[in-house]
Structures are given as structure tokens and as C-alpha cells.
There are 2 protein chains.
Amino acid sequence: MSDAFEALAHPVRRQILRLLRDGAMSAGHLAEHFDLAKPTLSGHFTVLKNAGLVTTERHGTTILYRLNMSVMEEAMAALLSLMGKAEEKATPWKSVPHSS
Amino acid sequence: MSDAFEALAHPVRRQILRLLRDGAMSAGHLAEHFDLAKPTLSGHFTVLKNAGLVTTERHGTTILYRLNMSVMEEAMAALLSLMGKAEEKATPWKSVPHSS
DNA sequence: CCTATAATTCGTTAGTTTCCTAAATAACAA
DNA sequence: TTGTTATTTAGGAAACTAACGAATTATAGG
């Protein structure tokens with residue numbers, strides 16, 4: 001879990017995740033959104049990948065980066081658990097009616 | 001927001017927050033839970049305080065640390081926004097019926 | 001004022017992060 | 001094979017982090 005928060009701690013990496021919200025994107029296309037050298041971005045990709053926050057998929061010469069929602073959700077759960085009181089530690093999620 | 005995630009990235013600091021879930025605690029009492037020198041813990045307290053995740057309150061010679069829920073919630077919201085799709089970016093929170 | 005207690009700041013060391021340029025690798029096309 | 005494009009790896013400089021012991025500040029009580 002430290003790795004995930006560490007990865008989230010850098011604004012460039014959060015922006016990368018934001019760009020990936022709408023779907024996978026290649027390293028090159030992602031790099032166009034930043035004023036940084038490509039190797040620098042590649043380093044950020046590695047941090048995100050090691051944290052499990054993104055997955056990769058090669059398509060010919062390009063490599064697609066994709067958000068890994070399950071790890072994002074694990075980070076959410078970890079953060080949530082830091083907020084709950086101890087006596088609520090093991091409380092299962094309360095279900096609420098669907099609104100749609 | 002970087003500061004908050006940076007602060008959350010260290011296991012000792014997450015444990016400190018966990019210890020504070022049930023109420024404020026003095027620096028010394030917190031330090032008893034770790035096998036680290038007090039100056040080291042004091043450094044971690046400073047990181048948490050600079051991130052806004054805790055507040056302090058002096059009582060005589062002791063200093064009480066207390067969770068700052070509102071900043072914890074801001075971190076939650078930031079993480080949540082990284083997960084939502086762009087077209088949901090500005091979606092206001094949907095209200096659900098109270099369960100109690 | 002003097003002493004004791006609680007906590008922080010200072011100074012140092014070792015290891016890590018971030019960024020760069022240059023070189024290497026992978027896949028494809030001619 | 002040769003060249004082109006996409007991306008990563010290598011190597012290095014500057015800045016930052018985490019940890020410690022020693023010294024310092026702040027407060028309370030005699």
C-alpha cells in the first residue's frame with residue numbers, strides 16, 4: 001500500500017492517471033501532455049506500474065497504459081480504514097438503494 | 001494534495017493516523033508504540049501536520065495530536081476523482097436515504 | 001532561580017528520487 | 001538488411017528522505 005500512496009504523491013503521476021480515466025493511452029500520447037523528456041515520463045510509468053495502478057499492453061510498437069481500477073479501489077479502502085473508528089474496524093459495507 | 005499522499009506513503013505515518021482514530025494522543029504516548037527514536041517520530045509528526053492530516057494542541061508540557069478528518073476526506077475525494085470518468089467529473093454527490 | 005519533563009530542532013549519514021542526455025531495444029516497413 | 005518510430009535502460013547530478021544522538025526550547029513545580 002505504501003507503493004500506491006507513494007505513486008499518488010507526484011502531481012505528474014496523478015495527471016497521468018487522470019488522462020487514463022477515459023481509456024487506455026500510449027506512452028507517446030501521454031507524453032504529449034507534459035513538458036518533460038520521454039525517459040522521465042517512462043520513469044513515472046514504471047512507478048505507477050510497480051504500484052499496480054496501471055497495466056500495460058503492447059500493440060506493435062506502441063505500449064498502451066491502462067488504469068487498474070482494482071488497485072485504485074484498494075487504496076480507497078485503505079484510506080477509508082484510516083478514518084473509521086476502531087470499533088467500526090470490521091464493519092461490512094452498508095448497502096444503500098440504487099438511485100437509478 | 002501531493003503533501004497528503006506523500007504523508008500517507010510511509011507505514012509509520014499511517015500507523016500514527018490509525019492510533020489517532022480513537023482520539024487525540026500525546027507525542028510521547030504515540031512514540032511508545034514504535035521502536036524509533038523520539039526525534040524520528042517528531043519528524044513524522046511534522047510531515048503529518050504540514051499535510052494538514054493532524055492538528056496539535058498544547059496542554060502544559062505535552063502536545064496532543066488529533067486527526068483532522070476534513071483533510072482525510074479531501075484526500076478521499078481526490079482519489080475518488082482519479083477513478084471517475086471524465087463525463088462524471090462534475091457530477092455532484094448523489095444523496096441517498098439515511099439508513100438510521 | 002533551579003530542576004525535571006516533554007517535545008522539538010540541529011547536524012550528520014546513508015539511501016532514494018527526480019530529472020536530464022545518450023545509448024539501447026523492439027517492432028515494423030522498405 | 002537498413003531505416004524509422006516508439007519506448008525503455010544506463011549513467012550521473014542535484015535535491016530530498018529517514019534515521020540517529022546531542023543540544024535546545026517550553027512549561028510546570030519547588
Side-chain angles (χ1 to χ4, degrees), chain A residues 1-20 22-68 71 75 78 82, chain B residues 1-20 23-68 71 75 82:
Chain A
M1 195 44 49
S2 292
D3 287 348
F5 286 120
E6 187 67 55
L8 290 166
H10 198 292
V12 166
R13 291 193 290 262
R14 286 201 302 281
Q15 184 61 27
I16 291 169
L17 295 175
R18 230 169 267 128
L19 290 167
L20 293 177
D22 296 323
M25 209 183 286
S26 71
H29 195 179
L30 282 167
E32 289 172 11
H33 291 80
F34 299 92
D35 191 20
L36 291 171
K38 284 185 178 183
T40 300
L41 266 298
S42 187
H44 286 304
F45 299 152
T46 299
V47 172
L48 289 169
K49 198 176 166 199
N50 287 342
L53 290 168
V54 301
T55 58
T56 59
E57 191 179 328
R58 186 179 266 279
H59 283 269
T61 64
T62 75
I63 294 181
L64 285 186
Y65 283 88
R66 189 186 306 280
L67 261 193
N68 187 356
V71 174
L82 291 182
Chain B
M1 196 44 50
S2 291
D3 286 349
F5 286 122
E6 187 68 53
L8 290 165
H10 198 291
V12 166
R13 290 192 290 260
R14 286 201 301 281
Q15 184 62 26
I16 291 169
L17 295 176
R18 227 169 269 127
L19 290 166
L20 293 178
M25 208 182 288
S26 71
H29 194 179
L30 282 166
E32 288 172 12
H33 292 79
F34 299 91
D35 192 20
L36 291 171
K38 284 186 176 182
T40 301
L41 265 298
S42 187
H44 286 303
F45 299 152
T46 299
V47 172
L48 289 169
K49 198 178 167 197
N50 288 342
L53 290 167
V54 302
T55 58
T56 59
E57 191 180 327
R58 186 178 267 278
H59 282 268
T61 64
T62 76
I63 293 180
L64 285 186
Y65 283 87
R66 189 187 307 277
L67 261 193
N68 187 357
V71 174
L82 290 181

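In the text below, chain A, chain B and the rest are named by the order of the sequence lines, each starting its count at 1.
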K.L.:
Measuring from Leu20(A):CG to Gln15(A):CD, what's the distance to the nearest 0.5 Å?
P.N.:
10.0 Å
K.L.:
Evaluate Met25(B) against Leu64(B) for side-chain contact (heavy atoms from CB on, under 4.5 Å), listing each step before the verdict.
P.N.:
CA-CA 5 Å; Met25(B) 208 182 288; Leu64(B) 285 186; 5.7 Å; no
K.L.:
For nucleotides 16-30 of chain D, read 5' to 3', which letter fits each nucleotide if B means a protein heavy atom sits under 4.0 Å from the base, S means only the sugar-phosphate is that close, and - means neither?
P.N.:
--SSBBB----BS--
K.L.:
Can you name the nearest heavy-atom pair linking Ala9(A) to Pro11(A), along with the distance?
P.N.:
O-CD, 3.8 Å
K.L.:
Using a heavy-atom cut-off of 4.0 Å across all strands, would you classify Thr62(B) as base, sugar-phosphate, or nothing?
P.N.:
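Sugar-phosphate contact only.
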K.L.:
Classify Tyr65(A) by what it touches in the nucleic acid, base, sugar-phosphate, or nothing, heavy-atom distance under 4.0 Å.
P.N.:
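Answer is sugar-phosphate: Tyr65(A) comes under 4.0 Å of backbone atoms only.
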K.L.:
Expected output is a numbered-order residue list: members of residues 25-32 of chain B with a heavy atom under 4.0 Å from any atom of DNA chain C. What is it?
P.N.:
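Those residues whose heavy atoms fall under 4.0 Å from DNA chain C, taken from residues 25-32 of chain B in numerical order, are Ser26(B), Ala27(B), Gly28(B).
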K.L.:
Could you tell me the separation between the CG atom of Asp3(A) and the CG atom of Leu48(A), rounded to the nearest 0.5 Å?
P.N.:
11.0 Å
K.L.:
List the atom pairs, donor and acceptor, that lie under 3.5 Å between side-chain atoms in residues 52-62 of chain A and the rest of the protein, sequence neighbours left out.
P.N.:
| unit_1 | atom_1 | unit_2 | atom_2 | d |
| --- | --- | --- | --- | --- |
| Thr56(A) | OG1 | Lys49(A) | NZ | 3.4 |
| Glu57(A) | OE1 | Arg66(A) | NH2 | 2.8 |
| Glu57(A) | OE2 | His59(A) | NE2 | 2.8 |
| Arg58(A) | NH1 | Gly60(A) | O | 3.0 |
| Thr62(A) | OG1 | His59(A) | O | 3.2 |

K.L.:
Quick one: does any side-chain atom of Arg18(A) pair with a main-chain N or O of Leu82(B) as donor and acceptor, under 3.5 Å?
P.N.:
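A pair under 3.5 Å: no.
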K.L.:
Of all nucleotides in DNA chain C with an atom under 4.0 Å from a non-hydrogen atom of chain B, which is the first and which the last going 5' to 3'?
P.N.:
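Extent of the interface on DNA chain C: dA6(C) to dT9(C).
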K.L.:
Enumerate donor-acceptor pairs with a distance under 3.5 Å from any side-chain N or O in residues 27-47 of chain B to protein atoms, sequence neighbours excluded.
P.N.:
| unit_1 | atom_1 | unit_2 | atom_2 | d |
| --- | --- | --- | --- | --- |
| His33(B) | ND1 | His29(B) | O | 3.1 |
| His44(B) | ND1 | Arg13(B) | NH1 | 3.2 |
| Thr46(B) | OG1 | Ser42(B) | O | 3.1 |

K.L.:
State the NE2-CD1 distance between His10(A) and Ile16(A), to the nearest 0.5 angstrom.
P.N.:
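Rounded to the nearest 0.5 Å, the NE2-CD1 separation comes to 9.0 Å.
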K.L.:
Measure the shortest side-chain to side-chain distance between Arg14(B) and Phe5(A) over non-hydrogen atoms and say whether it is less than 4.5 angstrom.
P.N.:
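Heavy-atom side-chain distance check passes, below 4.5 Å.
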